[in-house]
Structure formats: structure tokens, C-alpha cells
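Quick caveat: nothing in here was measured; it's all calculated off a predicted structure. Here is the naming used below: chain letters follow the sequence lines, and residue numbers restart at 1 for every chain.
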Protein chains: 2
Amino acid sequence: MTGVTASDGPAASAQGAPRRRGRPPRTESAGTRDRILDAAREQFSARGYEKTSVRGIAKAAGVDSALVHHYFGTKERVFEAAVEVAFGPVLDERDSVLEGPLDEVGERMTRMIVGLWENPVTRAPLLAIVRSAVNNDAAAAVFRRLVASQLLRRVAGQLDRPDAELRAELAAAQLVGVAMIRYVIRVEPLASADPEDIVRRVAPVVQGHLTGG
Amino acid sequence: MTGVTASDGPAASAQGAPRRRGRPPRTESAGTRDRILDAAREQFSARGYEKTSVRGIAKAAGVDSALVHHYFGTKERVFEAAVEVAFGPVLDERDSVLEGPLDEVGERMTRMIVGLWENPVTRAPLLAIVRSAVNNDAAAAVFRRLVASQLLRRVAGQLDRPDAELRAELAAAQLVGVAMIRYVIRVEPLASADPEDIVRRVAPVVQGHLTGG
DNA sequence: GTCTATAAGACGATAGAC
DNA sequence: GTCTATCGTCTTATAGAC
């Protein structure tokens, strides 16, 4: 449906070239929809699900709140559409995590996650998911689908061990914990540490969870 | 070998702290204040700060919402009082984490945290803190005071290294991540794993963060 | 497609009776 | 100490004009 993984850009460009003098056609909806989604993503990531209001999203997007309901129906649908953009990069990079030497999968996985969090474009929906997953069942389901099913299960599939899934999850726990402390709660000194230093310290631990012992 | 499940009595609410902040309940209180705190703890832990209402707490406690305001003033004060019960066990066990061989501090720390989460009495306020800290600055401050300042700084003080605080925080990140996945978002198979198995797998990692490399 | 207007209610907090 | 009653503000969501 949405399929618009178009990164962050505010509606890259209107699809129909305006034929009349530079006036933007009022009947165009795709741009408005994307503006609403951008605003929603920003608000959900900054405030979490509960504290974000449809009115606030509408105001930030420069439209009326009724229009948000017109496009998405309910607040929950707005949320789902807004965080869906986080799936794209993960799914794109997922395969590159899987391919390569098994004794370096920990570093590839760590680099991918840290990279997603360091990139402001992908950080926003990740923040939205984490901020909302702890208090909202729908968001928690999104988290499970994204992290557990799509990523961890595949990583576990590459380990030839009976406890592969548990290992993958403990590795993920290390990465989730770093994200929580560094990006969500922002505790120093981890919040200001050099990303490369974090990768250097964390990657071996992730690798150890996956293939160690 | 101490079992990982904490051994505290289940009813810690009746402990009647002799020295509460500033103001002793005058003539009576009939446990009404404690009933409100119990209800608040349950609601905050189940729903997080934003989604919990003073009215909902009052209803669960069987009193009027105005009475909650009478006792605590604001919703934020109710929250602080409700999660304060989590401080006691942490401060009590903190010292036992610090004493003992340095090469076993990882296991002692892991056992303490897992034990606190396995114990229903202390799990509720911990859930309340985590569920709220991601969306509420006051709750995040509580988290920093509890985890970072009170615990991590002291652990770091025992390590004779320049990067001691960063090491302690990465160790904490592993434990926070496990708590997130197991107790908050509840992803399988970690959510149903044997606590002792978790300690066996996680403790060496925590130790490695603190003193390894 | 976008808006105004409004329904219908929950929220935190306060004043004051008893 | 506990309640009723209420203020003012916020919320989600809907109806309907243009």
C-alpha cells in the first residue's frame, strides 16, 4: 500500500507537473499525505504514542485534524503507516548482514543497528517504535515483527545450534540495551561515546552470544 | 549458590516506612495512602505514566480522585512515591554487589538485576520506571538516579580503568536489553527462558564488559 | 480534497461542604 | 480525611459545507 519508503525528503517532488502557472494544484493529495506522515513520524518519535495527538500531527503538517482522520481513519493507523518506513532500511540491509563469514556476523549486525540509529532519518521511526512498544500492544507487535521475526530468526537460521534463537535474542538484547541507554534515555557517557568505539566494544560481545562458548 | 528468584515476602507495601518525606500522616490514614500507592504502582507498571490517570488510580483504590490529589498534590508526585519502593531493594543489595572478588562482580550484578525482575514485588515498580522513562522526563531522571548514579558509578569506582564508566554502562546495557525483551516486550524464547540459564549466559558477558579485554 | 463546527467525553486540578 | 461538584483544557472522531 504505502510502499513509499522515500526516505526523509518532504515529498520529493509532485508527481504531476503543474501545467498552469506555478500554482500548486489543490486537488493533489499525495504531497499532503506525505507531509502528514512526516509530521506523525516526528511527533511519535519525540513523544511516544500516547502523548502524540492527531491534532498535534495535523498542526505540524499544516492541515486540519479532520484531514488526518480522512486519510487514515484512526490514530493507530496513522502510527502504523508512520513507522512502516523503518522497515525498508532494515529489510534492505538484512541480507547483507546474513551474507559473509559467520565469525563476523556479530560485527555486521552491530554495524547495521548502530548505523540505523546514527542516521537521523531512520532514527526517528526507531525511536517511535521503541517509545511506543513499551506502552502499546500494537507497537510491541510491530517490534516483534521487525526485530524478532524478520531479523533474529534469519540470523538464528545461520547458526547450527539448538539454542540458536535464544542466542540471537541475547545478542539483540545487548543492542537494544545500548539503544535504550544511548538514544532513548541518554545516559552519559554512553550517550556521547564515539559510534566506532561502541561498535568496537559491542561487536565481539554480539559475536560471542551468537557463536561463542 | 543463591537462587536467582529473590526471597522477599510478597507484601512489601505494608512495611510502613517510618520516615517518609516531610509529612507524617496525622490522626489516621487507615492504610488509605498505601492503598492508593499500591493501585498507582499497578497502573503505572501496566500502562506507563501517560496512559495512567489519577482517576483510574483512585477508582482502583476505591477512593475519590480528589483524595489522591489531597495526599500527593500532582500526578508526578504520585508516580515518584509509587516507584520509590524500588529503591529500597536496590540500595540494600547494592553493597553486596560491590563486596566480593572482582572477577565475580559480573555474576553478582546479573543475579541482583535478574532477581529484582523475577520478584513480582520489585518487578512492578521497575516496569513502571521503564515504561515511563522512555516517554517522560521525570521518569527518565528517576532511572538515571537509580541505575546510573546509585549503581553504575559505584561499580565503575571499583574498576581501576579510565573507561570504567563506559564499561559499566555497556554492562548495564546488556541487562537493560534483557529486561526489555524478556519482561517488557516479552519476545520468545527469552521471555520463557529459565532465569538461571539467563544468568549463566549473561553473567560472563557482563563480567567481560567490566574487566575484560 | 480540504475545511469549519461540534459532538461526546477524559483529563488534571481546585474549592469547599461535612 | 473524605467527599461532591465543577472549571478549563485537552482529546478522538464525525457531519457536512464548499
Side-chain angles (χ1 to χ4, degrees), chain A residues 2 4 10-11 14-16 18-20 23-40 43-44 46-82 132 135-139, chain B residues 16 20 22-40 43-44 46-82 128 132 135-139:
Chain A
T2 45
V4 181
Q15 31 294 56
R19 299 169 195 285
R20 312 186 199 178
R23 188 170 231 145
R26 210 53 172 150
T27 58
E28 204 57 52
S29 72
T32 301
R33 197 192 138 99
D34 281 343
R35 282 211 327 277
I36 293 173
L37 279 184
D38 280 340
Q43 303 252 320
F44 281 127
R47 305 206 242 281
Y49 184 86
E50 311 297 341
K51 219 172 181 174
T52 295
S53 71
V54 176
R55 286 164 131 90
I57 293 170
K59 180 182 243 179
V63 301
D64 191 89
S65 68
L67 193 57
V68 180
H69 283 109
H70 171 73
Y71 273 118
F72 300 96
T74 69
K75 178 182 175 182
E76 204 165 285
R77 298 278 299 273
V78 180
F79 173 79
E80 290 174 5
S132 307
N135 290 310
N136 183 273
D137 281 341
Chain B
R20 279 269 175 220
R23 178 222 225 165
R26 265 222 307 249
T27 45
E28 46 84 37
S29 91
T32 299
R33 195 192 141 101
D34 283 341
R35 283 212 326 277
I36 293 173
L37 278 184
D38 280 341
Q43 305 251 319
F44 281 127
R47 305 206 245 278
Y49 185 86
E50 313 294 344
K51 215 173 182 176
T52 296
S53 69
V54 175
R55 289 164 134 91
I57 293 170
K59 181 180 243 181
V63 300
D64 191 90
S65 68
L67 192 58
V68 179
H69 282 108
H70 174 256
Y71 273 117
F72 301 96
T74 69
K75 178 182 175 181
E76 203 165 287
R77 298 277 300 274
V78 179
F79 174 78
E80 289 174 4
S132 306
N135 290 310
N136 183 272
D137 281 341

For residues [X] and [Y], determine if any side-chain heavy atom of one lies less than 4.5 Å from a side-chain heavy atom of the other.
X: Thr32(A); Y: Leu67(A); value: yes
X: Tyr71(A); Y: Arg77(A); value: no
X: Lys51(A); Y: Asn135(B); value: no

Nearest-angstrom distance from the residue atom [atom1] of [X] to [atom2] of [N]:
X: Ile57(A); N: dT11(D); atom1: CD1; atom2: C1'; result: 13 Å
X: Arg33(A); N: dT2(C); atom1: CZ; atom2: P; result: 12 Å
X: Arg55(B); N: dT4(D); atom1: CZ; atom2: C1'; result: 12 Å
X: Phe72(B); N: dA13(C); atom1: CZ; atom2: C1'; result: 16 Å
X: Phe79(A); N: dT11(D); atom1: CZ; atom2: P; result: 18 Å
X: Asn136(B); N: dG12(C); atom1: CG; atom2: P; result: 13 Å
X: Arg77(A); N: dA13(D); atom1: CZ; atom2: P; result: 12 Å
X: Lys59(A); N: dT4(C); atom1: NZ; atom2: P; result: 13 Å

What pair of heavy atoms forms the shortest contact from Val54(B) to Ser65(B), and how long is it?
CG1-O, 4.0 Å

Options [options], nucleotide nearest the side-chain atoms of [X]:
X: Asp64(A); options: dA13(C), dA13(D), dT4(C); value: dT4(C)
X: Lys75(B); options: dG1(C), dA13(C), dC3(D); value: dA13(C)
X: His69(B); options: dT2(D), dA13(C), dG1(C); value: dA13(C)
X: Ala66(A); options: dC3(C), dA13(C), dA13(D); value: dC3(C)
X: Leu67(B); options: dT2(D), dA5(D), dA13(D); value: dT2(D)

Can you tell me how far the CZ atom of Phe72(A) sits from the CD1 atom of Ile36(A), to the nearest 0.5 Å?
5.5 Å

Would you tell me if any nitrogen or oxygen in the side chain of Tyr71(A) comes within less than 4.0 Å of OP1 or OP2 on dT2(C)?
yes

Please tell me if Thr32(A) has a side-chain N or O lying less than 4.0 Å from either OP1 or OP2 of dG1(C).
no

Is the backbone of Thr52(B) close enough, under 3.5 Å, to the side chain of Arg47(B) for a donor and an acceptor to pair up by distance?
no

In residues 47-54 of chain A, which ones come under 4.0 Å of DNA chain D, going by heavy atoms?
Thr52(A), Ser53(A), Val54(A)

Lys75(B) to Phe44(B), cation-pi by 6.0 Å centre distance and 45° axis angle:
no

